[in-house]
Each structure stands twice: as C-alpha cells, then as structure tokens.
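Here's the structure we're looking at; comments come further down.
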There are 4 protein chains.
Amino acid sequence: MSSAKERLLESAKRLFSQKGYYATSVEDIVESAGVSKGTFYFYFKSKEELFKSLVEEMHLNIVKRLENFLEKELPLEDALIEYAKVFLEDIYQNRHIAQIFLFQLVGTNEEFRELYYTKIAHLRELLTKMVDRAIQKGEINYKNAENIVNLYAGFLRMLVLEYVFREKEPDLERVKSLAQEGVKVLFRGLKNA
Amino acid sequence: MSSAKERLLESAKRLFSQKGYYATSVEDIVESAGVSKGTFYFYFKSKEELFKSLVEEMHLNIVKRLENFLEKELPLEDALIEYAKVFLEDIYQNRHIAQIFLFQLVGTNEEFRELYYTKIAHLRELLTKMVDRAIQKGEINYKNAENIVNLYAGFLRMLVLEYVFREKEPDLERVKSLAQEGVKVLFRGLKNA
Amino acid sequence: MSSAKERLLESAKRLFSQKGYYATSVEDIVESAGVSKGTFYFYFKSKEELFKSLVEEMHLNIVKRLENFLEKELPLEDALIEYAKVFLEDIYQNRHIAQIFLFQLVGTNEEFRELYYTKIAHLRELLTKMVDRAIQKGEINYKNAENIVNLYAGFLRMLVLEYVFREKEPDLERVKSLAQEGVKVLFRGLKNA
Amino acid sequence: MSSAKERLLESAKRLFSQKGYYATSVEDIVESAGVSKGTFYFYFKSKEELFKSLVEEMHLNIVKRLENFLEKELPLEDALIEYAKVFLEDIYQNRHIAQIFLFQLVGTNEEFRELYYTKIAHLRELLTKMVDRAIQKGEINYKNAENIVNLYAGFLRMLVLEYVFREKEPDLERVKSLAQEGVKVLFRGLKNA
DNA sequence: CATGAATGAGTATTCATTCAT
DNA sequence: CATGAATGAATACTCATTCAT
C-alpha cells in the first residue's frame, strides 16, 4: 500500500491538472488522498511548494530524457522524429503533471510564469545544441537554430495541446504518426533552403 | 476622459494579463481603475463574466481578421506569411487581452479550458479551410491540412510565447522576420513532399 | 394610469409580502414598478420608512373598521361573528399588506417587533372594550375580558395563517363559516361558565 | 467548559431570537461565541443551515412531547389543559429557539415560510388525532376537529406571543392559569354544541 | 419630477496554515 | 507520524442611499 506522501502527490497531480492550481484546495487534496491536513503540512511546507516540486520533477524528467538523446548523436531528422515519439509517450504517461508543467505554469500567476520561462529556457538550450550540431555537420541548410527550435517545439506543443490533453482517450499511435509526418515536412524544408 | 467602464476594462486586461485571473482581485481592478466596487458590479455581473467578455472580444477580433484574409484568396505561402505578420502585430497591439486568451484560458480551470477549446476550434477551422484550398489547387504536396495547421499554428504560438510575451519590449520586426523565415522553411517542406 | 408613487406602493406591498422585508431590495421594487431608483427616494425617505408606512396604513384600516363596529353596540356573539367575517374579508382584500402587518412585523427585527406590539396593543384594547361591555351587560359569565380576547384573536389569527395566507386561492366562504362555528363554540363556553 | 460548537449554537439562538435572522450576522454570532469565523464554518455549512437546524431541533422537541401526550389517552379536557401547561413551560425554557420557530419562520422569506408550513402541518396532525379520538368517544359535540385545533392552537400561540415573548420576565404561573381557564371555556363550548 | 451612474460599508464564505494532542 | 479543531485575512458580491444632470 502506498504511503501518505505518495498518495498526496498523486492526488495533487490529478487535481491540479484537472482543476488548476487555484481551484484545487488543500482540502481537496487531503480528502482525495485520505489523509488529514496536518499530514499534508508534515510533508510539504505549503501548497505552493508542493506544486513547484511537481514542476521540478517533470522538468528533470524531460531534461534527463533529452540529454540521453543528445548523447546518441543521431542524424537530426532521426533525432527529431525519435525524440518526438518519446516525448509524446512520456507526456502521455505523465499527463497530469505534464499538463501542469506545459500549460498551467505560464498562465497562472507572475511567479509561476517566471518559473516556466526558466525551466523552458533550459529545454530550449538542449534542443538548440542538438540542432546546432546538425548545422555544423551540414545536415541542413537553414541555419537559424533558435528558429528551428521554435518550429519544432511549437509543433510538439500543439500536438500535445490538441490531441494528448484535449481528448479523453487519445489515440497515441495516430499522434505519433502526425508527429513523424510533420517532422519530415519540416526537415525537407530545412534541407532545401 | 475615459468612462468608468472603459477604465475598468483597461485595468482588468492589464491586471489579468500580469497577475492571472485568480491572483487579480476585484479590489485590485477597481483600485487601479479609480472607481468603487459598486461601480464594478454596476457594469459587470461578476469577475468571471468580465473575464469571459474579454476573451470573447479577443476571439471575435482574431476571427474577423482571419476571415478577411480568407477572402483574399492569396497563394498559400503568401497568405501564411502575411497572416503571420498581421497576427503578430495584432497580438502585440493587444498584448494584455491576447495573453489572457492564448495562455491563461487553458491553464486556469476546467470551465475556462473548455471555453478555450471551443474558441480555438473555430480558429483552426478557418485555417484548415485556407490550407485545404491550397491543397485543391495543387500548391502543396503534403495533403494533411489538419497537421499543417498544427505546424503553422504551433510555430506562431511559440513565437508569441517566446518573444512577444516574454520580453518586456519585444523587437517586433525581428519576430516578424523569424516568422517569415519559418513559414518559408515550412512551405518548402510542404511543396517537396 | 397609476402614478409612480402608487405603482411603487403596490410593488412594495406585493414583494414584501411574498419575499419578506429583507429579501426584497429597493432594486426589486423599482424594477417591478417600472421607475428609477431616484424616483423611489423622491417619494420615500428610505426602504424602512416605506415599510412602516404600509404597516401604519393597515393598522389604521383595521382600527377604523373596529371602531365602527364598536359603535354599533351589537350583542357580543353577533359582534364577534360579524366582525370576524368583516375582518377576514378585509384581510383577504388586503392580503399583501396584511401579511406584512400580521406576520412579518413580529419576526423580522427588534424595531419592527416593538412596532408590532404597539400597534397590536391598540387593537386589543378596542376588542377588550367590546367584551367588557358584554360582561357588564351580563351577556357572558366568564369575566376575564383579556383572556377572551386571547381566545378570539388567537382563533382569527390562526384562520388567517392557515387558510387565507397559506392557500393560493382561499375559499373565503368556507373560512367565514369556520369562523362563525368557532365563535359560536366559544360563545357557548363563555355563557355557561 | 462548553465547546466551540455549543457556544456557537447558544449565541445563534439568542441573537436570532433577539435580532432576527437577517439582522444577525455571522460576525455577530462568532463574536458573541468568542470564536473565529473559520470555526463557524467548520461546524456549519452556512448561516442558513444553522438556522434550519435550530428549527428542526425545536420541531422535533415539540413533536416528541406531543406524541408522548397522545399515548397517555387522557380525556380531552385534561389533555388540552395539561398539554397547554407543558407546552408553555417548554416554550419558556426554550424561549430563543421557540421564538425563531413560531414567529420568525413565517415572516422571513419564502423558503422559510414553506418550511414553517411543513413543520406546523405535522404538529396540527397530531393535535387533530387527539381531538378526533375525543369526538369518537363522544366527549364533545362539536365535531369539526380541524376547527377545534384552530381554536386551541390559535389560543396557545396568542398566549405565547402576548405573555411569554412579549414580557421580559413573564409570570409563567399566571399564563398557565390563563391557559387553563381558556381551555375550560373552550371545552364547555365544545361539549354543549 | 425623474433618471441612473456611482458609492462604500457591510456580508457570507473560503482557504492556506498552525498547533495542541 | 498523524490528527483535526481553530484561525483570520482575504474575497466576491450586495444593496440602501446619494446626487449631478
């Protein structure tokens, strides 16, 4: 049986992702976790701290995965396709926390927005590094790595927003295939500049 | 001199976009507008209703602009580039309310998220129509209009998120040129499928 | 066509009697009367003053009617029966304002309760006088006039509460006949002490 | 020492009965009880719910008492006299909550009025049963049980209104003796029909 | 006479957080 | 570790009343 802290984390993830940070009360969380309020504050300094720790967790997951990818040094097209698939799978597996990270953080309040931009900057850096390498290797002819990240990351975000989060039971295979097609389109454009 | 209602609307836009829906209190809004609480409720049924009316306003603006574009029947590449520029200009001019529409709605609570998806669906439809026309005319060879919308709209969203909203004083000309470059890359990819 | 003041009075009577003093807002009243708030305060100093003036009006009505009855110097039984009928008819005709007078005044707040007791004391006095006369004339053998008023007035109040006010469309003839029967029962008891 | 909940209930009873439902604020109640606002809402869902629970409590008290009386199967005159005494004693002991039940409920708003009629209907039924039995046994000759209840209950209500609630320190013995006399008068009337 | 925009004190209710047990 | 009673500042919203036009 899961511990009180784990149950609190699970409940928080689910409720934050469903109802949003503000509309989720500590009361909601402890009730759903079946523990007392005192217990909540034994494990977490505050509601905000819990939220931020979820964000941190998700961020570290994505970063780790992305760094692993970088080490493989795949050709860019393969890398972009493979990573897109892994990313979508990952996001789907961690839907709740991912929703918080990708779409709640920016829109909730000033502090969270800043946190978002800090975390995202890190991820963009990693992606930029990957693209830069391909530019150096002459794999593509459009050489603005930052803007390539805009195209690629914007596309992935859109897929997540429109398919993974919007639909109750997303057809992940279809989303992955959309991702693959999209990246191919993109890559052709990058090569033929 | 501006009327009480106008001042309330301006204050609300600014504060919602800065601090977010929940972190902005009616107190904040009326204080910033220099009117009493009673006046707020004389003009708006509730904080929520005011928020939603701002969203509606922005939505109608974007739809109108997009419909105008559709009527022009430009070649797709030109249309995508021109619309991107107009869109970015527009979003910049209406930064506050646009921030609310594009990034707060999804992340705030369940009701707002549903509202977001409803509004966005409408915009995606219009874009899809534009792309479909180009497919019929043989302008491009990748024929999944929906996915092209994912690529294009995702890219624009990312530009807004990373440049227009992130930076205090965004260099709009640079963003537009990134947009133009990105669309060209994309279009090449679409043509050479 | 009725004047603004009359329409305000009518609306106030109806709304106060239906929803109660506190649950009826000045807004409700002016809306239902089709006039502006300014007009309300042109004719009435305050919501409370309007309410009290309605109470005063009803009180004067009942007092006048009762005094007329006293002058007739009927035998007690006839007087009690006749007055009961007239009273019920009257209350029915002025249902709204009567509801306010008889049942809202006591239960609403301290000030109104005191007002109620003052007004009611006056009515009880008149009734006591009527009964005293009958005692002096030897018409009845139970000689506690105050308690007779308790029996009689309590009975009438109960009829009003249970039949005139409770039912949407009260059968007034039936209520009057209940009143007549009840008074006869009462009178027999008074005579045979 | 009494618990926070008990103190809240006591304060609420007293204040509601003195100032009325609307004129008593939650602030008033918690201040008088010496607890915080949060504590109020820890124990009661709302001001209205607390009010209704007081009503329910009083209603159950009266019903229980009345049912006990019914079981005794006393001759009607004795029953009416004995019950009147017990009722007055009871009402006096629970003055505050009784005032709420008997005189505030009807006059406050629509919802409470309906609640009043529901509760009172129950009490009238029990009394009617008691009277019906006496009619069947031939104890009285006036056979309209419902109207007898009107006479009896109206009389008791009037005693409560005029003596128990009106006076700061009511002379309960005198009220009980008025009740006894009144019932005797009534009973003679009923017998000699 | 009449309007309706504007006021601001007041109200019920929420909720993150604390702490004695 | 765990509980849950208690806190009180904060919040959205109401409403009687005023007053310039």
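Just so it is clear: chains get the letters A, B, ... in the order the sequence lines come, proteins before strands, and each one is counted from 1. Quick caveat, the model's predicted, so the values are computed rather than measured.
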With nearest nucleotides of DNA chain F determined for D:S36 and A:F42 from heavy-atom distances, which residue corresponds to the more 5′ nucleotide?
A:F42

On DNA chain F, compare the nucleotides closest to B:F40 and A:A4; which residue's is nearer the 5' end?
A:A4

Do D:E10 and D:K13 sit within salt-bridge range, that is, some charged N less than 4.0 Å from a carboxylate O?
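So D:E10 pairs with D:K13 through a salt bridge.
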
Check ion pair B:K52-B:E56 (N to O, under 4.0 angstrom)
no

Does [X] reach the main-chain N or O of [Y] with its side chain, forming a donor-acceptor pair under 3.5 Å?
X     : Y     : answer
D:K5  : D:F42 : no
B:E49 : B:K45 : yes
A:S32 : A:D28 : no
D:R14 : D:H96 : no

Protein-nucleotide distance ([X], atom [atom1]; [N], atom [atom2]), rounded to Å:
X      : N      : atom1 : atom2 : value
B:N109 : F:dA12 : CG    : C1'   : 15 Å
C:K5   : E:dA2  : NZ    : P     : 12 Å
D:L15  : E:dT11 : CG    : P     : 13 Å
D:E6   : F:dA5  : CD    : C1'   : 15 Å
A:F51  : E:dT17 : CZ    : P     : 14 Å
D:K52  : E:dA12 : NZ    : C1'   : 15 Å
C:F44  : F:dC15 : CZ    : P     : 20 Å

With side chains defined as the heavy atoms from C-beta onward, is the minimum distance between A:V35 and A:F40 less than 4.5 Å?
no

Over 60° means perpendicular and under 30° means parallel, so classify the ring planes of C:F101 and C:Y116, tilted if in between.
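Rings of C:Y116 and C:F101: tilted, as their planes differ by 30° to 60°.
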
If you check every side-chain atom of D:Y43, which of E:dA2, E:dA6, F:dA5 has the closest atom?
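Among the listed nucleotides, the one closest to the side chain of D:Y43 is F:dA5.
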
Side chain of A:K37 (C-beta onward), nearest among F:dA10, F:dC13, E:dA16:
E:dA16

OP1 or OP2 of [N] versus the side-chain N and O atoms of [X]: is any pair under 4.0 Å?
X     : N      : answer
B:Y41 : E:dA6  : no
C:T39 : E:dT3  : yes
B:S46 : F:dA12 : no

On DNA chain E, more 5' by nearest nucleotide between D:Y21 and A:K47 is D:Y21

Residues D:E110 and C:Q18: side-chain donor-acceptor under 3.5 angstrom
no

Within residues 22-34 of chain C, the residues having a heavy atom closer than 4.0 Å to DNA chain F are C:T24, C:S25, C:V26

Rounded to 10°, tell me the angle between the two end axes of the helix from E:dA2-F:dT21 to E:dT21-F:dA2, each built from five pairs.
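Terminal axis comparison yields 10°.
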
Only one of A:Y22, A:Y21, A:F112 passes ring pair (Phe, Tyr, Trp, His ring centres under 6.0 Å) with B:Y22; say which it is.
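It is A:Y22, the one option of A:Y22, A:Y21, A:F112 that forms the ring pair (Phe, Tyr, Trp, His ring centres under 6.0 Å) with B:Y22.
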
